[in-house]
Amino acid sequence: MKRGIINSILIFTMAAGVLSGCGGSKTTSFTVTCPWAPSGVAAMVSQKAAAMSTNHSDNMILVADAVKGDAATVNTWVADTKADDTKLVFAGEGLFSITSILDPSKLQFSYDDFAFVENLYSSVFVMSADASLNIKGMKDLGSYLAETDEVSVAANGATSSEAFLAASLFGSMGYGDKLKITPYSSAAEAAQAVARGETDFAISHQSQILETFEQGGVTIVCAFDGEDITEGAFAGVEGVGKYGYPYFRNRCFILARSGTKKETVAELKKLYDDILGDNEMSTWLKDTMMLEIDMMSEEEVQEHIQNVQNIVNEYYDIVVG
């Protein structure tokens, strides 16, 4: 009798455990769409974050989906995604601050269609110069611009973040009429153009020009930030902000569909924050990608978007012509 009672208890306990395992620890996968260069910086960081997600959550898994897209990809995402869908998407100043002004008809959405989760990283762009020009800082740049008739700057596209950074720097220095933006099909290609002698300057992510810089093919003129770079291979490179020139960092916002439960958004934010706080992730971002962890609030996101919009509006004519 006792053995029968014990067996019954064991069977009941095992059944309860199975039920708990099926229903109490349900795992949900969130697909994270990066709607631009599949081999670009944002896609690489998203893939890294996704690979680490299982280390930081028992019930949420991130699945990176990098596609070669543009505003139309995000339009489709918004149209096909409802509140509480297990889908996330990237967007940044390129859409919210540049396309929204230059070609608003391309955007069938607004910021209100999204719920902000987290900013994945912060990238400080740098401007490199053909090594033969021997331009190693802002003083050298000013002297060069005063003596030349035209300057060509390689950028990732004709109306990209890099293009507007070029326009804002040369324009605010009083040389906007000398600027010629030379567009390339990718940020990496633009970064290498200056070393091939195709342009005088290039604006890129730090990681995209590092190897060429170390090989002596280019010099680094400045960083598009408020202060000088203090760490890494480009330590000591001057920030344009300390001279009073405008700038912005590249940021990539992770967004859910508007109306998604606040609890879900908060849990996703915690997952990303935990991943970004992991030593493996922070070391990889800093040493390999030359990016900074930059967690943001909703208010800071709005300030960033507005700052870039102000720059686009002020230097529109230089870029668009």
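When atom types are taken as modelled, the side chain of Ser57 and the backbone of Thr54 share no donor-acceptor pair closer than 3.5 angstrom. Formation of a donor-acceptor pair under 3.5 Å by the Asp287 side chain with backbone atoms of Trp284 is not found in this model.
Between Lys82 and Asp85 there is no salt bridge, since none of the side-chain N atoms of the basic residue sits less than 4.0 Å from a carboxylate O of the acidic one. Taking 4.0 Å as the cut-off between side-chain N and carboxylate O, Glu118 and Lys269 count as a salt-bridged pair. Under a 4.0 Å N-O distance rule, the pair Glu93/Arg249 does not qualify as a salt bridge. Here Glu267 does not pair with Lys261 in a salt bridge; the nearest charged N to carboxylate O distance is not below 4.0 Å.
In this structure, Ile305 and Ser97 approach most closely via the heavy-atom pair O-OG, 2.9 Å. Considering all non-hydrogen atoms of both residues, Gln208 and Ala191 come closest at O-CB, 3.6 Å.
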Start with the C-alpha gap between Phe109 and Phe114, add the side-chain angles, then the distance that decides, and say whether side-chain contact (heavy atoms from CB on, under 4.5 Å) holds.
CA-CA 9 Å; Phe109 59 83; Phe114 306 94; 3.6 Å; yes
With ring-ring contact (aromatic ring centres under 6.0 Å, His included) as the test, would you mind laying out the steps for Tyr247 and Phe125 before giving the verdict?
CA-CA 9 Å; Tyr247 65 88; Phe125 284 112; over 10 Å; no
Output, in order, the C-alpha distance, side-chain angles, deciding distance and verdict of side-chain hydrogen bond (donor to acceptor under 3.5 Å, both in side chains) for Asn134 and Ser132.
CA-CA 5 Å; Asn134 199 33; Ser132 66; over 6 Å; no
Between Asp228 and Lys242, does the salt bridge (Lys or Arg N to Asp or Glu O under 4.0 Å) criterion hold? Intermediate values first, please.
CA-CA 8 Å; Asp228 297 353; Lys242 74 177 188 179; 3.0 Å; yes
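Aromatic pair Phe96/Tyr111: centroids less than 6.0 angstrom apart. Phe170 has its ring centre no less than 6.0 Å from the ring centre of Tyr315.
Within a 6.0 Å radius of CD in Glu227, no more than 12 heavy atoms belonging to other residues, nucleotides or ligands are found.
By the criterion of side-chain heavy atoms lying less than 4.5 angstrom apart, applied directly or through intervening Ile, Leu, Val, Met, Phe, Trp or Tyr residues, Leu165 is grouped together with Val221 in one hydrophobic cluster.
With rounding to the nearest 0.5 angstrom, the CZ atom of Arg257 is 15.0 Å from the OG1 atom of Thr264.
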